[in-house]
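Working notes for the structure below.
The analysis underlying the following values was restricted to heavy atoms, covering all of them including side chains, and did not include hydrogens, waters or symmetry mates.
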Amino acid sequence: MAEHEYEAKFLAIDVSALRDQLRHAGAERVFDRTLFTRLIFENDAVQGEQWLRLRDEGGRTTLTLKQVSDASHIGGTTEIEIEVNDLAKTAELLKATGLRQVRYQQNYREEWRLDGITYDLDTWPGLDTFLEIEGPSEDAVRKATADLGLDYAEARFGSIDLIYKSELGRDILAEPTLLFG
């Protein structure tokens, strides 16, 4: 069953100050800066605002059906996610069912957790590191935002392609690869 994803991104952050705030608040660093790779698959049934993401999270591999219905609102994204044990074989299986791999992307992620909230420091090629706060509800994300002294009005929602479009004028959906140099 698809679940709503409650996450908000904050672009203009001071990374080291944020780490200090999280540490001081008692957050646990779940993992250090780790390279994630993701393969994006589509077909005629899965396209546009819906896609399959196969992601290597540095030791854990997930397959996720993501759907964005409203990128202007925190509750506008749903996902169905499972853990798989072999990225290459899962990619082979998806291709054998007629799905096309349309993108290969990399990013770095450092993850912190506190009181049921996940704080991800994400770095993507060509973008400054930003913060993504994810929680069980909009209220929980709003509270976590306020606790860090961030302005919820500055929050961004939806997928990474919207940030590339607004910040760099780049359409990464038209780019088959998005990699670090």
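A side-chain donor-acceptor contact under 3.5 Å links Thr64 and Glu81. A donor-acceptor pair shorter than 3.5 Å can be found between the side chains of Ser72 and Asp70. For the residue pair Ser166 / Arg156, a side-chain donor-acceptor distance below 3.5 Å is found, with atom types taken as modelled.
Considering only heavy atoms from C-beta on, Glu57 comes within 4.5 Å of Thr62 through its side chain. Using a 4.5 Å heavy-atom threshold, the side chains of Thr90 and Thr61 count as separate. For the pair Glu167 and Leu127, the minimum side-chain heavy-atom distance is below 4.5 Å. A heavy-atom distance below 4.5 Å is not found between the side chains of Gln101 and Leu94. Here the side chains of Asp44 and Arg100 are in contact, with some heavy-atom distance below 4.5 Å. Side-chain contact between Gln50 and Val68: absent, with no pair of heavy atoms (C-beta onward) separated by less than 4.5 Å. Looking only at side-chain heavy atoms (C-beta outward), Phe41 and Val102 stay at 4.5 Å or farther from each other. Put simply, the side chain of Glu5 reaches to within 4.5 Å of the side chain of Lys66, judged on heavy atoms.
Residue Leu18 belongs to a hydrophobic cluster whose other members are Tyr6, Phe10, Ile13, Val15, Leu22, Ile74, Trp112, Leu114, Ile117, Tyr119, Leu121, Leu131, Ile133, Val141, Leu148, Leu150, Tyr152, Phe157, with links defined by side-chain heavy atoms closer than 4.5 Å.
The existence of a salt bridge linking Arg23 and Asp20 is confirmed by a sub-4.0 Å separation between a basic side-chain nitrogen and an acidic carboxylate oxygen. A salt bridge is absent between Asp161 and Lys165; no separation between the charged side-chain nitrogens and carboxylate oxygens falls under 4.0 Å.
Looking only at distances, no side-chain donor or acceptor of His4 sits under 3.5 Å from a matching main-chain atom of Thr78.
Each of Tyr164 and Leu162 belongs to its own hydrophobic cluster when Ile, Leu, Val, Met, Phe, Trp and Tyr are linked at side-chain heavy-atom distances under 4.5 angstrom. Tyr104 and Ile160 end up in different hydrophobic clusters when Ile, Leu, Val, Met, Phe, Trp and Tyr side chains are linked at under 4.5 Å.
Rounding to the nearest 0.5 angstrom, the gap separating the CD atom in Glu138 from the CD atom in Glu7 is 13.0 Å. Note: Phe130 CZ to Asp120 CG = 9.0 Å, rounded to the nearest 0.5 Å.
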Which pairs would a plain distance check flag for residues 29-36, meaning a side-chain donor or acceptor within less than 3.5 Å of a matching protein atom at least two apart in sequence or in another chain?
| residue | atom | partner | partner atom | Å |
| --- | --- | --- | --- | --- |
| Arg29 | NE | Asp32 | OD1 | 3.1 |
| Arg29 | NH1 | Glu110 | OE2 | 3.2 |
| Thr34 | OG1 | Asp32 | O | 2.6 |

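Applying side-chain contact (heavy atoms from CB on, under 4.5 Å) to Arg103 and the options Leu178, Thr177, Leu173 leaves one that passes, Leu173.
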